[in-house]
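One-based numbering, in listed order, for ligands and for the atoms of each.
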Amino acid sequence: MIIEVGNEKGGVGKSTMAIAIAAYLAQLGHSVVLVDTDSQKTSSRWGELRTHHGLPHNFVIVDKSVDPTEHIRKLAETYDAVVVDIGARDYARLSDLAKIVDLWIAPTRVGQGDLESTVELAYAFEKADRNHKNGKIPLVICPNAVPAAWNSTEGEDAIAALREALPNVPVTSNLVRDRKVWRDAHKLGRSIFEMPLRDREKAEAEFKAMFEEVWKAYENFQKGVKHGH
Ligand SMILES: Nc1ncnc2c1ncn2[C@@H]1O[C@H](COP(=O)(O)OP(=O)(O)OP(=O)(O)O)[C@@H](O)[C@H]1O
Ligand SMILES: [Mg+2]
């Protein structure tokens with residue numbers, strides 16, 4: 001299957017989530033390739049850092065910033081999961097890649113500008129649905145880097161705002177909060193699953209709960225395909 005992680009906005013956690021998803025699926029025993037289509041090469045550099053630190057490669061990383069669509073389609077014939085890290089502000093690329101996707105994960109931060117740009121992405125996808133192989137781009141929105149303070153309601157407020165603006169798009173209730181371990185892991189060329197338990201515990205639980213919800217949304221999309229709507 002092809003899982004693409006993208007949004008128009010920069011710095012919302014696309015690379016972070018793409019790496020975590022690839023690492024998680026590999027840990028579950030699937031064959032995984034992570035395709036970096038971003039000219040910034042965040043995921044590829046992370047992979048190089050792993051090599052530098054002598055860390056094992058649990059999944060393959062492919063650097064493909066030019067014409068990736070056909071390449072991704074080919075990889076999907078070989079691997080259980082092709083996870084694609086897509087660069088920001090790349091409208092042409094976004095709509096081209098959306099045609100072939102089985103599951104599109106759009107991480108969003110919860111600031112006003114981030115939410116607006118996420119709503120714009122969903123509108124753009126709605127218009128592009130007819131170009132998708134199943135007639136609907138399977139988009140799931142995941143709030144990320146949500147303030148972790150116990151009294152902050154920003155995450156819940158963002159979910160409510162997104163659901164009101166986009167009643168037909170799944171938005172996960174399980175939030176991934178802003179936790180230092182995500183940044184620390186990245187700097188070390190590690191996935192969060194390779195960080196010390198006390199550091200990763202909360203982030204890992206949040207990620208897994210979010211991914212479980214994303215997976216349910218994916219299954220619902222699949223049911224929709226079977227029933228022809
Ligand atoms: N949940 C989180 N908690 C803490 N820091 C996070 C979280 N998610 C992402 N970050 C940090 O935010 C920064 C941006 O994340 P990332 O590079 O994944 O975003 P991106 O959307 O891929 O950015 P770009 O548009 O540049 O490709 C990084 O420093 C990353 O470590
Ligand atoms: Mg990135």
Side-chain angles (χ1 to χ4, degrees), residues 3-24 34-50 61-66 68 72 82-94 97-98 104-111 113-122 139-150 152 154-156 158-159 171-196 198-211 213-214:
I3 302 175
E4 295 178 358
V5 187
N7 204 337
E8 284 160 359
K9 194 93 196 254
V12 295
K14 300 179 294 292
S15 301
T16 301
M17 286 304 127
I19 288 170
I21 291 163
Y24 184 51
L34 175 62
V35 183
D36 187 358
T37 71
D38 188 353
S39 52
Q40 288 188 91
K41 302 193 191 306
T42 309
S43 305
S44 308
R45 289 219 188 92
W46 177 83
E48 284 162 18
L49 210 52
R50 288 187 76 78
I61 302 178
V62 177
D63 182 350
K64 193 76 179 116
S65 49
V66 182
I72 288 165
V82 184
V83 182
V84 189
D85 175 8
I86 305 172
R89 284 172 236 97
D90 197 347
Y91 296 88
R93 173 68 51 79
L94 247 55
L97 286 170
W104 186 293
I105 296 172
T108 180
R109 286 190 183 246
V110 295
D114 301 283
L115 296 179
E116 279 167 12
S117 119
T118 299
V119 170
E120 285 305 316
L121 176 84
L139 167 68
V140 183
I141 298 172
C142 303
N144 175 43
V146 178
W150 68 271
S152 167
E154 278 178 279
E156 288 71 20
I159 291 172
V171 179
T172 57
S173 301
N174 287 287
L175 306 160
V176 174
R177 297 197 181 265
D178 188 318
R179 304 210 182 267
K180 187 168 167 287
V181 68
W182 288 104
R183 293 189 288 276
D184 291 345
H186 194 90
K187 273 185 247 160
L188 295 168
R190 296 188 186 193
S191 71
I192 57 154
F193 311 110
E194 295 166 313
M195 297 298 280
R198 65 172 188 286
D199 297 338
R200 71 165 199 260
E201 211 165 8
K202 287 180 184 159
E204 181 174 333
E206 286 161 7
F207 170 79
K208 286 182 177 168
M210 180 275 283
F211 194 74
E213 219 184 325
V214 166

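- Less than 4.0 angstrom separates some heavy atom of Val176 from each of these atoms of ligand 1: 1 (N).
- Every atom of ligand 1 is numbered from 1 in the order shown, and the set under 4.0 Å from a heavy atom of Val12 is 19 (O), 20 (P), 21 (O).
- Heavy atoms only, all atoms of each residue included: His186 and Trp46 are closest at O-CD1, 3.7 Å.
- Between Thr37 and Glu4, the closest side-chain pair of non-hydrogen atoms is not below 4.5 Å.
- The closest heavy-atom contact to atom 16 (P) of ligand 1, among the options Thr16, Asp36, Asp85, Ile86, comes from Thr16.
- For the residue pair Ser43 and Asp36, the shortest heavy atom distance occurs at N-OD2, 3.4 Å.
- Distance check on atom 28 (C) of ligand 1: every protein heavy atom falls at or beyond the 4.0 Å cut-off.
- Every atom of ligand 1 is numbered from 1 in the order shown, and the set under 4.0 Å from a heavy atom of Gly13 is 15 (O), 16 (P), 18 (O), 19 (O), 20 (P), 21 (O).
- Nearest to atom 10 (N) of ligand 1 by heavy-atom distance, out of Arg177, Lys41, Arg109, is Arg109.
- With respect to the salt-bridge test (charged N to carboxylate O, under 4.0 angstrom), the residues Glu48 and Lys41 do not qualify.
- Taking the side chain as every heavy atom from C-beta outward, Val84 and Lys64 never approach each other to under 4.5 Å.
- Counting protein heavy atoms only, atom 3 (N) of ligand 1 is closest to Arg179 N, 3.0 Å.
- Salt bridge absent: Lys208 and Glu201 never bring a charged side-chain N and a carboxylate O closer than 4.0 Å.
- Taking a cutoff of 4.0 Å between a charged side-chain nitrogen and a carboxylate oxygen, Arg183 and Asp178 qualify as a salt bridge.
- Near the Mg ion (ligand 2), less than 2.8 Å away, sit the protein N, O or S atoms Ser15 OG.
- Annotation: the span from Phe207 atom CZ to Asn144 atom CG amounts to 10.5 Å, rounded to 0.5 Å.
- Paired with Arg177 under the rule salt bridge (Lys or Arg N to Asp or Glu O under 4.0 Å), one option of Glu154, Glu156, Glu204 passes, and it is Glu156.
- For the atom pair CG (Leu94) and CG (Asn7), the distance works out to 7.5 Å, reported to the nearest 0.5 Å.
- Residue contacts with ligand 1, taken as heavy atom pairs separated by less than 4.0 Å, involve Asn144 solely via side-chain atoms from C-beta onward.
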Between Asp85 and Ser15, does a side chain to side chain donor-acceptor pair (under 3.5 Å) hold up when you go through it step by step?
-> CA-CA 6 Å; Asp85 175 8; Ser15 301; 2.7 Å; yes
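- Close approach of ligand 1 to Asp38 (heavy-atom distance below 4.0 Å) involves ligand atoms 27 (O).
- The option from Gln40, Lys14, Glu206, Arg183 that lies nearest to atom 26 (O) of ligand 1, judged by heavy atoms, is Gln40.
- Between Lys9 and ligand 1, no N or O atom pair is found at a separation short of 3.5 Å.
- For the pair Gly11 and ligand 1, the shortest N or O to N or O distance falls below 3.5 Å.
- Annotation: side chain of Lys202 is in contact with side chain of Arg179 (closest heavy-atom distance under 4.5 Å).
- From the protein, the heavy atom lying nearest to atom 2 (C) of ligand 1 is Trp182 CD1, 3.5 Å.
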Worked verdict on Leu175 versus Ile159 for side-chain contact (heavy atoms from CB on, under 4.5 Å) = CA-CA 9 Å; Leu175 306 160; Ile159 291 172; 3.5 Å; yes
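- Ser15 CB, 4.1 Å is the protein heavy atom nearest to atom 17 (O) of ligand 1.
- In the vicinity of Gly10, heavy-atom distances shorter than 4.0 Å reach the ligand 1 atoms 25 (O).
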